[in-house]
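Working notes, beginning with the structure itself.
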Amino acid sequence: EKKLKDRIADTKKFLTTFSTPVSESIPHIYISTIPFAARKSYIRQEVKDLFPKTMSALTTHSENWPEPLQQWRGHTDHVCSVAFSADGRRIVSGSFDQTIRLWDAETGQPLGEPLQGHTGWALSVSFSSNGRRIVSGSSDNTIRLWDAETGHPVGEPLQGHTSWVQSVSFSRDGRQIISGSSDNTIRMWNAETGWPLGEPLRGHTDSVQSVSFSADGQRIISGSYDKTIRLWNAEAGQPLGEPLRGHTGDVLSVSFSPDDRHIISGSDDKTIRLWDAETGRPLREPLRGHTGYVRSVSFSPDGRRILSGSYDRTIRLWDAQTGQALGEPFRGHTDSVQSVSFSSDGLRIVSGSSDSTLRLWDAETGQSLGEPLQGHTDQVQSVSFSPNGRRILSGSNDETIRLWDAETGFPMGEPFRGHTGSVQSVSFSADDGRIVSGSVDKTIRLWDAETGQSLGEPLRGHAHSVLSVSFSPDGRRILSGSFDKTIRLWDADTCLPVGDSLQAHTCRVQAVSFSPNGRHVITASWLTIQLWDIETGQALGEPLQGHTDFVLSISFSPDGRRIVSGSSDKTIRLWDAETGHSLGGPLRGHTNWVLSVSFSPDGRRIVSGSSDHTVRLWDTETGQSLGEPLRGHTGHVQCVSFSPDGRRIVSGSVDKTIRLWDAETGQSPGEPLQGHTHYVQSASLSLDARRILFGSESTATRLQDTGISQISDQQSPPITNPSNNPSSQAPSPQTNQPHNSIHSLHFRPGPHFSPPGFDDCKLSEEGWVSSSDRLLYWVPPNNRHGLQSSHVLTIPTNSHLRSTWIDFSNFCCGTDWTRCRK
């Protein structure tokens, strides 16, 4: 009986791990499963000798099935909100991509097509208690109801809020809906008719971020940017007592305990607080442990545990009685955790993240469950990756714009021609559909990103060179800064100017940028920085003054609340984006001009590059320098940037090199990237951090493979390509030498990961390695990260990292796949 159970369990593991290749291509039942199956798997042991001509995958950690990694992909932008259905069989998610998705909680497969209707971010989603309806709140200021079975919208959108709907929830009986909004109000709605119930609940003095009903439906709880929590009588719509005060930052999430006796809250002060729901008094000291904003909190169904998700990319469990952390944080997301939720039985946890994925976790063990789902003839002045990371855009002194394939580095089509002067700045729209360019010919042009055709006439208005251009986040406006000392706004559809030019600076406009929400613009010129209101075109307050020399670089924090600036006065300054006040004194440390500044993706750190040849990291909260300066460049550091996951930094320098740095240790892995024959002016990491794009005062845009993979305490030597040395074999894992850092980076130059006889292979997000649209083999998620070449595959697992080698010497694939069997 035990042997039968073991075989059934082994079969389930096999099918779960290899559901993608088995369901999509029959040959890969043999080609892709046997090499990666656990060595002790009954299935592998019984069939491996029958199929000798497959790949060989050697690893030190694959005797048994690893805990499979469940990471569900489908959304194309941040996942803002997730929730289980009452029966635990489905999960609903809302995203910045404006869609809502339903998922099978067991398999992780999407159920039907995305639910589309919102014209803004889907910020909050929730099931009704019977699982038949879904409610969603959006940045389009509306609430929508959906049929959970068909995915069709139910009735018209619920309208009433005058700003973003941040939070929505059903009452326990499903008859009412509650919503909280950035208009500072809470509203109640009839779930059947969609009509508002009574007047809005007013009391908060800032955006309402989270709302929830009590289990008995008699009370409502709300959390706000005003740093308070409020209780309300759901029937009368009146506040119950005074606001609950204690948090020193915005309250981002609130929830009742299952018995309605307690309240839990999470805040951007990085703490969690427990409150007595009757008296409003805090229970014990705040729960501390997260190192970033606490974005989402929830009780377990039995009320004994508290669940939290944070901007520090982790999920934590806490004992609700003692306030003690239970075990280690759940790690796996590569960006901030936006939403967390228990299943109705308390056995599973679902999380949604800004890394665009959902993850499922075992609530007891914290383990992840299941399977995841040369061309320019003059200087290159501006470069940018497309939002999806697949294309590169460049503008040059040769008066043209070019598109490049980010995978191959080949030019895509002919150059875009139209400008009669040097192209100084280029940018994609958020949807990848359009390109905007600014030129020394004093004009701005719009282009179709697919065809390269100019869209309409040039935008004219500036009296001198256009130095900087940018789309608004929603793609409706274009912002331009010029040597004529003005800033202009343009309608991206009509190409007409929006209002008069913005004039406040007394010198050329060096840099321009939209705020993350698209409502404000920041500009820099000589000694000043100026904030502007996009709608009115009015300057917001007085110029931000403090620097004593040219302001060379500016950037918004990811949440739009702060601004960082770098100057030739050798200092960096932080500013409050709302008040324009300087936050603390200048950040001092550099001994020469600060040429480039940027926030980390979580906003907690700042990176700066300077003419003193160094790169520095700074703590955003304290303004303190983090560690020693990063040294290695022998010339001015012109540009710096974080990787999307915040773990690496790229820098470009006048010494004609680009360097990569570990953002935690400050170590530079390997030698600098060399090839340019003149100054490196701009550098950027691709979204997957595997490629770097850089521009220099030479006449070419360069794309270079970082050659980086994550390795563990094991560093694997490269394997000789079987196509060059047929007798080569993969080295024994025991030959590995210890490495000094579990998160270290290792340079491994090499070609594409191609089996012998196949060129230009590509690895898709789904794990398929293909050549000329032919599927060659599939790599499981746990074995996918760090795939660099046909020689070496370095693999992390859930708990630690490991190294694996693939030997292709006996591999039969493509049209020869049938030869894999004896």
Side-chain angles (χ1 to χ4, degrees), residues 69-128 131-140 142-153 164-170 179 209-210 252-253 255 295-298 307 309-311 313 315 330 332-344 348-361 368-373 765:
L69 173 67
Q70 185 142 340
Q71 180 176 315
W72 304 348
R73 299 184 182 273
H75 287 296
T76 59
D77 210 330
H78 299 201
V79 178
C80 310
S81 181
V82 290
F84 273 100
S85 60
D87 61 10
R89 296 170 62 187
R90 291 173 296 170
I91 292 168
V92 65
S93 59
S95 168
F96 276 13
D97 66 9
Q98 304 182 4
T99 71
I100 296 133
R101 281 185 174 266
L102 279 164
W103 311 79
D104 186 299
E106 288 298 321
T107 67
Q109 296 299 309
L111 299 171
E113 294 298 310
L115 282 59
Q116 298 181 318
H118 283 299
T119 58
W121 300 340
L123 299 173
S124 181
V125 290
S126 181
F127 275 104
S128 61
R132 295 178 183 174
R133 299 279 177 92
I134 294 165
V135 65
S136 59
S138 169
S139 62
D140 63 11
T142 71
I143 299 153
R144 282 185 174 266
L145 280 164
W146 312 82
D147 186 301
E149 293 299 323
T150 66
H152 295 155
W164 296 5
V165 180
Q166 298 280 359
S167 181
V168 289
S169 181
F170 279 100
S179 58
Q209 290 293 296
S210 181
L252 304 178
S253 182
S255 181
R295 187 64 183 89
S296 181
V297 291
S298 178
L307 175 66
S310 168
Y311 276 26
R313 307 175 190 170
I315 297 146
F330 299 8
H333 283 298
T334 59
D335 207 335
S336 55
V337 179
Q338 296 285 343
S339 181
V340 290
S341 177
F342 274 103
S343 61
S344 55
R348 292 172 295 169
I349 293 165
V350 66
S351 58
S353 166
S354 293
D355 64 11
S356 308
T357 70
L358 288 79
R359 283 181 180 264
L360 201 63
W361 313 81
S368 291
L369 302 168
E371 182 194 341
L373 318 147
E765 287 188 3

ring-ring contact (aromatic ring centres under 6.0 Å, His included) involving Phe96 - partner list, sequence neighbours excluded: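 ring-ring contact (aromatic ring centres under 6.0 Å, His included) check on Phe96 returns His78, Trp121.
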ring-ring contact (aromatic ring centres under 6.0 Å, His included) partners of Phe127, counting only residues at least two apart: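 Here no residue qualifies.
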Between Ser253 (side chain only) and Val297 (backbone N and O only), is there a donor and an acceptor less than 3.5 Å apart?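 Side chain of Ser253 to backbone of Val297: a pair is present.
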Whether Arg90 side chain and Leu111 backbone form a donor-acceptor pair below 3.5 Å: no
For a quick test of reading the model, state the closest non-hydrogen atom pair linking [X] to [Y] and the distance between them.
X      : Y      : result
Ser336 : Ser353 : O-OG, 2.9 Å
Ala83  : Ser126 : CB-CA, 4.5 Å
Trp146 : Ser136 : NE1-OG, 2.8 Å
Val135 : Ile143 : CG2-CG2, 3.5 Å
His75  : Ser95  : ND1-CB, 3.2 Å
Arg101 : Pro110 : NH1-CB, 3.9 Å

The criterion is salt bridge (Lys or Arg N to Asp or Glu O under 4.0 Å); which residues satisfy it with Arg133, sequence neighbours excluded?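 Testing Arg133 for salt bridge (Lys or Arg N to Asp or Glu O under 4.0 Å), a comparison that skips the adjacent residues, returns none.
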List in chain and number order the residues that pass side-chain hydrogen bond (donor to acceptor under 3.5 Å, both in side chains) with [X], two or more places apart in sequence or in another chain; answer none if no residue qualifies.
X      : value
Ser179 : His161, Trp189
Arg295 : Gln338
Ser210 : none
Ser128 : Asn130

Who are the side chain to side chain contact (heavy atoms under 4.5 Å, CB included) partners of Ser138, not counting sequence neighbours?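 Side chain to side chain contact (heavy atoms under 4.5 Å, CB included) list for Ser138, sorted by chain: His118, Asp140.
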Of all residues at least two apart in sequence or in a different chain, which pass the side chain to side chain contact (heavy atoms under 4.5 Å, CB included) check with Ser124? Ser81, Ser167, Val168
Between atom [atom1] of [X] and atom [atom2] of [Y], what is the distance when rounded to the nearest 0.5 Å?
X      : Y      : atom1 : atom2 : result
Leu307 : Phe342 : CG    : CZ    : 4.5 Å
Ile315 : Phe330 : CD1   : CZ    : 7.0 Å
His333 : Ser354 : NE2   : OG    : 9.5 Å

Tell me, with the steps shown, if Leu102 and Ile134 meet side-chain contact (heavy atoms from CB on, under 4.5 Å). CA-CA 10 Å; Leu102 279 164; Ile134 294 165; 3.7 Å; yes
Would you say that Phe84 contacts Arg348 through its side chain, given a criterion of any heavy-atom pair below 4.5 Å between the two side chains? yes
